[in-house]
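In this text, all values refer to a predicted model and were calculated from it rather than measured experimentally. In what follows, every chain begins at residue 1, and chains take the letters A, B, ... in the order their sequences are listed.
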Amino acid sequence: MAITMAQAINQALHDAMSEDERVLVFGEDVGRLGGVFRVTDKLQENFSEDRCFDTPLAESGIIGTAIGLAMYGFRPVPEMQFDGFTYPAFEQIVSHLAKMPNRSRGTVKLPVTIRIPYGGGIGAVEHHSESPEAYWAHTAGLKVFTPGTPEDAYSMMRAAIAMDDPVIFLEPKRRYWMKSDTELPVETEPPHKAVVRREGSDVSVFCYGPMVRTAMEAAEAAADEGWSLEVVDLRSLSPLDTPTMLASVERTGRAIVVHEAAQTLGMGAEIAARIQEQAFYSLEAPVLRATGYDTPYPPAKLEEFWLPDVDRILDMVERSLSY
Amino acid sequence: MAITMAQAINQALHDAMSEDERVLVFGEDVGRLGGVFRVTDKLQENFSEDRCFDTPLAESGIIGTAIGLAMYGFRPVPEMQFDGFTYPAFEQIVSHLAKMPNRSRGTVKLPVTIRIPYGGGIGAVEHHSESPEAYWAHTAGLKVFTPGTPEDAYSMMRAAIAMDDPVIFLEPKRRYWMKSDTELPVETEPPHKAVVRREGSDVSVFCYGPMVRTAMEAAEAAADEGWSLEVVDLRSLSPLDTPTMLASVERTGRAIVVHEAAQTLGMGAEIAARIQEQAFYSLEAPVLRATGYDTPYPPAKLEEFWLPDVDRILDMVERSLSY
Amino acid sequence: MADAAIDPREFLPPDEPVHLLDPDGTYHEDPEHPVDLDDAGLRELYRLMLVTRKVDREAINLQRQGQLGVYASCMGQEAAQVGSAYALAEEDWIFPSYRELGAALVRQVDAAGLLHLYRGTWLSDHDPYKHHFGLMSIPIGTQALHATGFAMGARLDNNPIVTMTYFGDGGTSEGDPHEAMTFAGVMKSPVIFFVQNNQYAISVPLEKQTAAPTLAHKAVGYGLPGRRCDGNDVLATYAVTKKAVDRARAGEGPTFIEALTYRMEAHTTSDDPSRYRTQAELDEAATTDPIARMRNFLQQRDLYDSELEDAVEEQAKEVATYVRAGIYDAPHGDPMELFEHVYVDPTGYFEGQREQLRAELDANGEG
Amino acid sequence: MADAAIDPREFLPPDEPVHLLDPDGTYHEDPEHPVDLDDAGLRELYRLMLVTRKVDREAINLQRQGQLGVYASCMGQEAAQVGSAYALAEEDWIFPSYRELGAALVRQVDAAGLLHLYRGTWLSDHDPYKHHFGLMSIPIGTQALHATGFAMGARLDNNPIVTMTYFGDGGTSEGDPHEAMTFAGVMKSPVIFFVQNNQYAISVPLEKQTAAPTLAHKAVGYGLPGRRCDGNDVLATYAVTKKAVDRARAGEGPTFIEALTYRMEAHTTSDDPSRYRTQAELDEAATTDPIARMRNFLQQRDLYDSELEDAVEEQAKEVATYVRAGIYDAPHGDPMELFEHVYVDPTGYFEGQREQLRAELDANGEG
Ligand SMILES: Cc1ncc(C[n+]2csc(CCOP(=O)(O)OP(=O)(O)O)c2C)c(N)n1
Ligand SMILES: Cc1ncc(C[n+]2csc(CCOP(=O)(O)OP(=O)(O)O)c2C)c(N)n1
Ligand SMILES: [Mg+2]
Ligand SMILES: [Mg+2]
């Protein structure tokens, strides 16, 4: 049956709530409206207003109360309505959610899964297309997952909710309508594992979330040029599955990282740093980056020029092969 | 005359306020108390409560009103009392301060200099020893400066205040009491320039802020082992002075980055990524990182084990030389 | 031990919101809230509301035609916006959210420029310094701090201007307006916090937003007078705001105003309000339409005639046409502009990135 | 259009703070605020306050001896803390800031464990689940949201417990308590916001913090009853809190309490208050000492004798000795613990980092 990524996440929330009554879903407009992307559709209807509820318009409030609820024993799955509106909650996420388990020597567990639709490519108005993953991945104490397929969206969401660590769950909003023929429930690899989506021998392309499909398209196009790309879907940005990355680079000798976020200190920086640290002699070319630019996210009519796409990836492939 | 870094910054604020009456200093306890580190000592007394004032306890309020004051035509120099307390202001910094000049096509200029004492090593209680620089350096639209000497503290602060771009000015608090024999005012290199503090031929050590002195000590110790380290003080974390970094690595063939912040997606990641991208054939060893660990900042009694020090730097030097 | 030296009563909202016009146009004089406008001024309020509604409709149409990515209508809130903005002097500043087309039109802001935000041509394309009208602000409530800081600046500079910021009922829950009002209260900044209580934050109704008796009751917690008015009564929103403006200009500090109104359209064009409100509720709301009410009033005063209606229709059409012309198929600018305006001094930035984009454009023949 | 359906008067603080004990110990009965304690209970309040003061003094001494990095004294605030905490049942939860030694001692929290935060042995070293006492929270006001979330959880779980959170006059300016009270009001969460108004946020006096008539006036903006009490009067803080606790437990929702008190010590041991307050002010504050007042009361009631004083002295010494023993020269733990507790499941983390630290320790003979 063909399901979209949004439906897969909706089903994951539904199944998690069915199986464990400690799971709570809340945020702005997640109740009666079912979320602005309908990802929480019918959860309130099916599970009552106690378990899926609208909050006042205050993101720090949403995360701070999620922490209190988790301390009590619930498993909160709060939503931040858009990437750009997570920032009011930054202090609660960075100073408490990420640290409290450690501060308390493990006495306090915070099984909170923060859902965040993120990324660009949908022609949205400003602050609705941000890629804030590097902020979270730099913050010790958080796990950061992002699915690239409907199957992973379902399975990784279930895993995130079941996990006792706090998870930032980044949903690639431009792929909410991406379809897959699959039966739910489905269980894919554990979230901390990177997955090789397409094998190749010339260049490894590391990607995640919205860029998985783009990288697959690039690999297709590259094949026409006679270049064999290996596409690795990272899935987890924290932890990073370094062994899988290294194994791929050891095979291909070349690597490119693709992400929407600005280049400087984006995930590509860490991945490049790790690969050259740990696979120095395997590299035949530097790790290159096909990313967004070091400018604020642009207006909708210009986003196509800003976002990495098949062409930018192929440019980097060509550059990599030129070494 | 011997002055400390704290005194140098105090003098820079004093001189900037004397020369330009649009310069305002405000924040928590900066007025009558003169700041918890006395960096704003006597500014209120000398320039009136209109120009140096205490605010209510609200960091988003401090930065948000700084933006309004800058739009009006002032040059605000707000203080965040400690690194760990900048997070409530994250949204105002990231969504407005960094973006508004761009959003407005340059019509709105925001010459705001945010002073933040940062970093560890002073035995402080938690949330008072954070190194949040990567969050800011990843954010397009901000400049990020951090001095490593009293002279630079003075000169870079003057430059930051004089500049029409928003600047995050990170003051290495463990070096507030570091002394230098110098006459103020002093003008050093422009802030966006990295400076070679010590020339060397074996390994380039890139450092900034609190770690400049540590790196210099490491270079001294390394000399005893017969290793010649080149110490490069980055001074600006955004922009990064890539040409100076590359020139150094092209000379030495080896590089180490030193910072207190957690390793993953710390500045070391970006620096390593750039160096291997742009000086691939010059590298005789991977760029290595002597940094804090990927854990929350530890309690005071354990910080010495967490923070990079001379030994950790020398370990990396040895590892680098082993390639 | 400090004790309540200040009488809280001056800050508490009166029991009833200020209301000067009945739906049928009957005017009730309130000596506390005089309407200091001549006939031309009264007609001007009507004109501005009607133009707002028509341009608003045009924007909705443009969105339906794929010309705007999204649009947040102010239909139903014309009296709240026009009355309040009209009470300001030209040199006073407005710091809007994303729904203040009416306030913008009062200030003669280039409406096409404003709507480029929603088209995505650029993020903002009007000059805030020209009309003293800040950038539209999407992160909820954040602009309240900019208005407060600006007002602090004016006060430091002995400049007798006033700032006004708009936010919504939902916005009152965020930390930023709370901090803004705290600062403004302590600093006695000349700023007016104008809340359009349109009963919803997207789908979330007021009673899920706050348990406060009224939003205006928040003001006492900051030492600000909390005022309420019928937000669909343009004379009330004008008079209440005018009083606050005079007070601020006289150095007596900030005021919080809650205007009771109703969002007659969807939250934005992307929203589906049928999921959370009923037709009956909408029908009820339509009976309090601010524009019909003002027309009734003008008619009662013999200030309304077909000449006025024609003139307003004409102007409305003109602005709408101007907006349509400015927006319709408006080309995007040079993509290379992405690297402009990020820094006043970009030395050291965008290494290689400009060239990358330039090469991509050349390759696609777009350079 | 919704209108004020709720009578705001129930939320506004009465004109005078609740005050039951004069400085000379004279008790004024207030039928609205009965003190439902027997003689043993009254003596217990005194005991707890005195033990708090002595342990507090011990902590200051430990800091002076270099045994703590810093310490935030609660001297002068014993009545505010002890009275309020004593009004809770054992299963109720407290979410403190960093200054609540008194509240912690009421809950029999291991004081040495608590002070390890200030020594820097570990970030927190008491088990919050054992005494229903949350971790000390340094980022101002943030704990108010944890208390609210916890109370929301209790209500969802039909568990009749109550939570109480402490924050300061300065804390009322931050966004987080604002959001916490907004949530609690809407959700009718059983949480008590207990503000110790000790007149200062480090050096910033109350009048620079807010222009509100009183802090308790903030409550009406959230639909919470705002209550005030003499914070140096342990019977008043007890009775006012008890009433709020009963109300919360009965499902009637949250309460905001402002206790008027005074920080008799420096902000922390790192602070130099001579820069911002006078000796005269301190002398004046000393006349309202909460402990002397309670002693006077007990004496008037013939509940005070040298036996009590000796017993309390004895206990105080015991706790102080325990604390000193737990803190003095307390060794740091195994540095390798830095990698523990970061994640429940650390798979994929700390690649090479553990080995790096292990190697460093070995090299230094510390392994
Ligand atoms: C910080 C932040 N969080 C969430 C959003 C998403 N959002 C946009 S409008 C809106 C509702 C705003 O309601 P209200 O303040 O009442 O204003 P109205 O739209 O009714 O005019 C929300 C939740 C946002 N723009 N900013
Ligand atoms: C978010 C944040 N900003 C700043 C600080 C620094 N700081 C510590 S205590 C304090 C003053 C707090 O005053 P108040 O809330 O009145 O509590 P009190 O210390 O008087 O008990 C400040 C500014 C902090 N801990 N957290
Ligand atoms: Mg609204
Ligand atoms: Mg205080």
Side-chain angles (χ1 to χ4, degrees), chain A residues 59-60 84-95 98-99 101-103 126-127 130 132 134-135 137-141 238-240 257 261-281 283 285-289 292-299 323, chain B residues 59-60 84-95 98-99 101-103 126-127 130 132 134-135 137-141 238-240 257 261-281 283 285-289 292-299 323:
Chain A
E59 290 77 12
S60 192
F85 310 135
T86 50
Y87 304 142
F90 201 80
E91 182 185 37
Q92 285 289 346
I93 296 174
V94 165
S95 294
K99 289 186 173 176
N102 180 258
R103 286 169 68 208
E126 61 177 332
H127 308 289
E130 307 272 305
Y135 297 135
H138 180 52
T139 305
S238 176
L240 273 171
V257 191
Q263 181 162 100
T264 293
L265 282 164
M267 293 305 304
E270 179 61 30
I271 293 166
R274 286 198 191 185
I275 291 175
Q276 62 91 41
E277 260 163 20
Q278 298 180 50
F280 187 67
Y281 290 124
L283 281 176
V287 183
L288 298 178
R289 298 182 276 180
Y293 295 122
D294 288 323
T295 73
Y297 196 87
Y323 275 80
Chain B
E59 290 78 12
S60 193
F85 310 136
T86 50
Y87 304 142
F90 201 80
E91 182 184 37
Q92 285 289 345
I93 295 175
V94 165
S95 294
K99 290 187 171 173
N102 180 258
R103 287 169 67 208
E126 62 176 332
H127 307 290
E130 307 273 304
Y135 297 136
H138 179 53
T139 305
S238 175
L240 273 171
V257 192
Q263 182 162 100
T264 293
L265 282 164
M267 294 304 304
E270 180 61 30
I271 292 165
R274 287 197 192 187
I275 291 175
Q276 61 91 41
E277 258 163 19
Q278 297 179 51
F280 188 66
Y281 290 123
L283 281 175
V287 182
L288 298 178
R289 298 181 275 180
Y293 294 122
D294 288 324
T295 73
Y297 196 87
Y323 274 78

Hey, which of A/Ala134, A/Gly141, A/Ala279 has the most heavy atom pairs under 4.5 Å with chain B?
A/Ala134
Side chains of B/Phe90 and A/Glu91: does their closest heavy-atom pair fall under 4.5 Å?
no
Do you know which two heavy atoms are closest between B/Arg274 and B/Glu270, and how far apart they sit?
NE-OE2, 2.7 Å
Between B/Ala89 and B/Glu59, which heavy-atom pair has the shortest distance, and what is it?
CB-O, 3.6 Å
Shorter than 4.5 Å, heavy atoms on both sides: which option in B/His138, B/His127, B/Gln92 has the most such pairs with chain A?
B/His138
Please state whether the side chain, the backbone, both or neither of B/Glu126 comes within less than 4.5 Å of a heavy atom of chain A.
side chain
With a 4.5 angstrom heavy-atom cut-off, which part of B/Gln278 approaches chain A: side chain, backbone, both or neither?
neither
Search all heavy atoms of B/Gly84 against all heavy atoms of A/Ser95 and return the closest pair with its distance.
O-OG, 4.2 Å
With chain B, the option among A/Thr295, A/Asp294, A/Thr86, A/Asn102 that has the most non-hydrogen atom pairs under 4.5 Å is A/Asn102
Closest non-hydrogen atom pair, B/Gln263 against B/Arg289:
O-NH1, 3.4 Å
Per-residue contact mode, B/Thr139 against chain A (heavy atom under 4.5 angstrom)
both
Using non-hydrogen atoms only, which part of B/Tyr87 is less than 4.5 Å away from chain A: side chain, backbone, both, or neither?
both
Quick check on B/Val94 against chain A: is it the side chain, the backbone, both or neither that has a heavy atom closer than 4.5 Å?
side chain
Applying the side chain to side chain contact (heavy atoms under 4.5 Å, CB included) criterion to B/Gln276, which one of A/Val287, A/Ile275, A/Leu288 satisfies it?
A/Val287
Per-residue contact mode, B/Leu283 against chain A (heavy atom under 4.5 angstrom):
both
Could you tell me which of B/Pro299, B/Gly268, B/Ala285, B/Pro132 has the largest number of non-hydrogen atom pairs under 4.5 Å with chain A?
B/Ala285
Can you tell me which of A/Gly266, A/Ala98, A/Ala261, A/Ser60 forms the most heavy-atom pairs within a distance under 4.5 Å of chain B?
A/Gly266
Please name the pair of heavy atoms, one in A/Tyr323 and one in B/Glu277, separated by the smallest distance, quoted to 0.1 Å.
OH-O, 3.5 Å
State, to 0.1 Å, how close A/Thr264 and B/Ala137 come at their nearest heavy-atom pair, and which atoms those are.
CG2-O, 3.8 Å
If we define contacts as heavy-atom pairs under 4.5 Å, which of B/Pro286, B/Pro296, B/Ala140 has the most with chain A?
B/Pro286
